[in-house]
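Remember, predicted model here, so these are calculated numbers, not experimental data.
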Amino acid sequence: QVQLVESGGGLVQPGGSLRLSCAASGSIFKINAMGWYRQAPGKQRELVAVIAGSGSTTYADSVKGRFTISRDNAKNTVYLQMNSLKPKDTAVYYCNANLHPLGTYYGMDYWGKGTLVTVSS
């Protein structure tokens, strides 16, 4: 019933920019936090950025100063603005949300299917 749908991935040259979006839909009471993870071929999935319900943000050291996470609470949507992209940023980017579905009193994790970001010349 609850779904996360990512968009905005694609092919970009080194130094370029992309903006990812993730919209949560369904019977949601409250979203506690939303974030982005990524997984490159042959590597483990890693945290990229998180934005908490309070609005506070956390970034992986590898993306600090280049990526910005933001949200639109009215749309249950989180964004990831990616600037100065590098080939090492190439990965499938997954949206994650910790939220309370209607009828629950605790948070649960949900994942999107992922969107591919390829940084190459």
Let me confirm one number: the OG1-CG distance from Thr90 to Leu85, rounded to the nearest 0.5 Å.
8.5 Å

Taking distance alone, no hydrogens or angles, what donor-acceptor pairs closer than 3.5 Å link side-chain atoms of residues 9-23 to residues at least two apart or in another chain?
unit_1	atom_1	unit_2	atom_2	d
Ser17	OG	Asn83	OD1	2.9

Does the pair Asp89 and Val117 meet the rule for a side-chain contact (heavy atoms from CB on, under 4.5 Å), with working shown?
CA-CA 8 Å; Asp89 294 319; Val117 173; 5.6 Å; no

Rounded at 0.5 Å granularity, tell me how far CD in Gln3 sits from SG in Cys95.
12.5 Å

Euclidean distance, Gln1 CD relative to Ser27 OG, rounded to 0.5 Å
3.5 Å

May I ask whether Tyr106 and Ile28 are part of the same hydrophobic cluster, defined by side-chain heavy atoms of I, L, V, M, F, W, Y residues being less than 4.5 angstrom apart, directly or through others?
yes

Is the closest side-chain heavy-atom distance between Tyr94 and Val92 below 4.5 Å?
yes

Hey, any chance Val78 and Tyr37 share a hydrophobic cluster, counting ILVMFWY side chains that come within less than 4.5 Å of each other, even indirectly?
no

What pairs of donor and acceptor atoms, side-chain ones from residues 47-65 against any protein atom, are under 3.5 angstrom apart with sequence neighbours left out?
unit_1	atom_1	unit_2	atom_2	d
Ser54	OG	Ser56	N	3.4
Ser54	OG	Ser56	OG	3.2
Tyr59	OH	Ile69	N	2.9
Asp61	OD1	Lys64	NZ	3.1
Ser62	OG	Arg38	NH2	3.4

side-chain contact (heavy atoms from CB on, under 4.5 Å) between Tyr93 and Gln39, intermediate numbers included:
CA-CA 7 Å; Tyr93 284 70; Gln39 187 168 22; over 6 Å; no

Pairwise side chain to side chain donor-acceptor pair (under 3.5 Å) hits with a residue in residues 107-121, at least two apart:
Asn98-Asp109

If you look at every heavy atom in Arg66 and Ser84, which pair is closest and at what distance?
NH1-O, 3.0 Å

Would you say that Phe67 contacts Gln81 through its side chain, given a criterion of any heavy-atom pair below 4.5 Å between the two side chains?
no

Lys30 NZ to Asn73 CG distance, which is reported to the nearest 0.5 Å:
10.5 Å

CG on Leu99 to CE on Met108, rounded to 0.5 Å:
8.0 Å

About how many Å separate CD of Glu6 and CG of Leu116, when rounded to the nearest 0.5 Å?
11.5 Å

